[in-house]
Amino acid sequence: MTVRVRIAPSPTGNLHIGTARTAVFNWLFARHQGGKFILRIEDTDTERSRPEYTENIKSGLTWLGLNWDEGPFFQTNRLDLYKKAIQQLLDKGLAYRCYCTSEELEQMREAQKARKQAPRYDNRHRNLTEEEKAAFVAEGRRPVIRFKIEDERLIEWNDLVRGKVTWKASDLGGDMVIARAAENPEAEFGQPLYNLAVVVDDTDMGITHVVRGEDHIANTAKQILLYEALGAKVPEFAHTPLILNEKGQKLSKRDGVTSIDDFKEMGFLPEAMANYMSLLGWTPPDSTEEIFTLSQAAEKFDLDRVNKAGAKFDWAKLDWINSQYIHNMPADKLVELLVPYWQKAGYKVDLESDRPWLETLTALIGPSLTRLSDAPKESRLLLGESLEYSEDAIEQLQKEGVGEILTSIKEAIESYSQLTQDDAKDIVKKVTKQAKVKKGLVMRSLRAALMGELQGPDLIQSWLLLSQKGLDKVRLQQSLEQSMTSES
RNA sequence: GGUGCCGUAGACAAAAUGGUAAAGUCACCUGUCUUUCAAGCAGGAAAUUGCGGGUUCGAUCCCCGUCGGCACUGCCA
């Protein structure tokens, strides 16, 4: 039997991290089993569904490297299938028309709550007489279709993550709505609803394993009933733990950044995101190494190593994983990812005309980056024209003898048309000897003069970069003025 | 209110068919390298395995209870 799994997002928002993580698990499972990973867009909620969200979901999955083998299928293109299934249930007497108004239902639930009872539909229209039906119709009411749920049923399945799960049908809230009321008075019934559409699709698409978040557990119980009613084979189920926010609640849009787009924008790499998401609730068998690609994970992935407890989302760990990917990326590749962030920050960089310089810059600041978006901040002193001296840099510049040292360096530079690394080192050595001071003093002073700060990436490299832009002389001059004015 | 699930260090978590001092990773701290920061490397600290009881020679792993957290409880998905 070939394994077939699916990710079935609804296009009512951008690709959410929770959906993406579910997609990761499905993808890993499919790849490990040599099965198929299918994308299905659940757009039966026509009110809230938007094509741009579908696009966002597709591009997000693609960005993460979660390629699908079939689809995307759209539920709105498959309405006939659902209609047929609903009609079938109606014909078999397993479903019926319910004419309750939403006000009536709400009132009923309120009353139940007031009596401290569990809110549920009381199946009041299950056995309407023809006269009663006719009366509702005459009132202009349009019915929904409800699927009968027999309270005494016990639903059981062997969950691939949680083991044996049992559910009493009486805890499912009464007969469930599977189709909305028709908007068109001619129609038999309206839009099919989630649980019905899912079961029809999963059956039709030959889905063998349904891997989804544990917030769907109650739906699984309902859906098993539907599979049986439709005479379909029940697939295997696996319910993964939820991703939790800092407070331990299900991560939701209210927690700020939750869409994959946002993470991309913030400078996270797709490999890092996928890596981190796979670790949210799953551990590889020999788990001392936590940096791995999706394909490497797929080799070892198994649902029985998926954890049952919810996983708290940890920015620090994501950052660390992201930094690992950035640090291990060759500069010629990394630079291409950095350019947009520089440009967004207002720096006029042009990869085509300035590639070697930008690549050297990238190699220099690479190890300081946690997110791609750190690039402007980490490289601003090398990219920017003007310089603001920090307090300790000014202090450094005002130290005795520093002015002379900088002057010597400035003079030394004049004799080079193009400074090389060796030249730079030679100059430092010479000036150090000449001034009879420690090398540290020269380096610190030079750093203060060139960068305006006392800390940062390798100074010689930074100097060379500035030199290639002709900025070293300018800054040396500027710092000399700075030290003079302050000295007086 | 009901139902379900979960509860190992700040976070993610491993392991034991019940058996010697409970993996690993991040964060944190220290050292090292360096002109400096970061990265890297080396090391350190951190858990009476939610709590109480039971079974047992022995439980964190089994049983009972309890507390806490979360999820679900829609003509959303």
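Residue numbers start from 1 in every chain, and the chains themselves are labelled A, B, ... in the order their sequence lines are given, proteins ahead of strands.
- Interface remark: the A/Lys168 side chain does not form any donor-acceptor pair with the B/U3 base, using a distance-only criterion of under 3.5 Å.
- Across all strands shown, A/Cys100 has heavy atoms under 4.0 Å from base atoms, whether or not it also approaches the sugar-phosphate.
- Remark: C1' of B/A71 and CG of A/Leu244 are 10 Å apart, rounded to the nearest angstrom.
- Straight-line distance from the CG atom of A/Asn195 to the C1' atom of B/C75: 13 Å, rounded to whole Å.
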**Prompt:** What string of B, S and - do you get for nucleotides 28-39 of chain B, 5' to 3', if B is base contact, S is sugar-phosphate-only contact and - is no contact with any protein heavy atom under 4.0 Å?
**Reply:** -------BBBBS
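- Between the base of B/A77 and the side chain of A/Asn219 there is a donor-acceptor pair shorter than 3.5 Å.
- Going from the C1' atom of B/G69 to that of B/C51 covers 15 Å, rounded to whole Å.
- Taking the C1' atom of each, B/U49 and B/A13 are spaced 12 Å apart, rounded to whole Å.
- By the 4.0 Å N-to-carboxylate-O rule, A/Lys317 lies close enough to A/Glu290 to be salt-bridged with it.
- If you check B/A77, B/C75, B/C26 against the side chain of A/Tyr194, the one that comes closest is B/A77.
- The distance from atom CE of A/Met277 to atom P of B/A13 is 15 Å, rounded to the nearest whole Å.
- A straight line from CG of A/Asp171 to C1' of B/G1 spans 12 Å, rounded to a whole angstrom.
- A donor and an acceptor atom never sit less than 3.5 Å apart when one is taken from the side chain of A/Glu289 and the other from the base of B/G24.
- Salt-bridge formation is not detected for the pair A/Lys168/A/Asp151: no Lys NZ or Arg NE/NH1/NH2 atom is positioned less than 4.0 Å from an Asp or Glu carboxylate oxygen.
- Annotation: B/U30 and B/A45 have their P atoms spaced 15 Å apart (nearest Å).
- Straight-line distance between the C1' atoms of B/C72 and B/A15: roughly 32 Å, to the nearest whole Å.
- The NZ atom of A/Lys308 sits 20 Å away from the P atom of B/A71 (whole-angstrom rounding).
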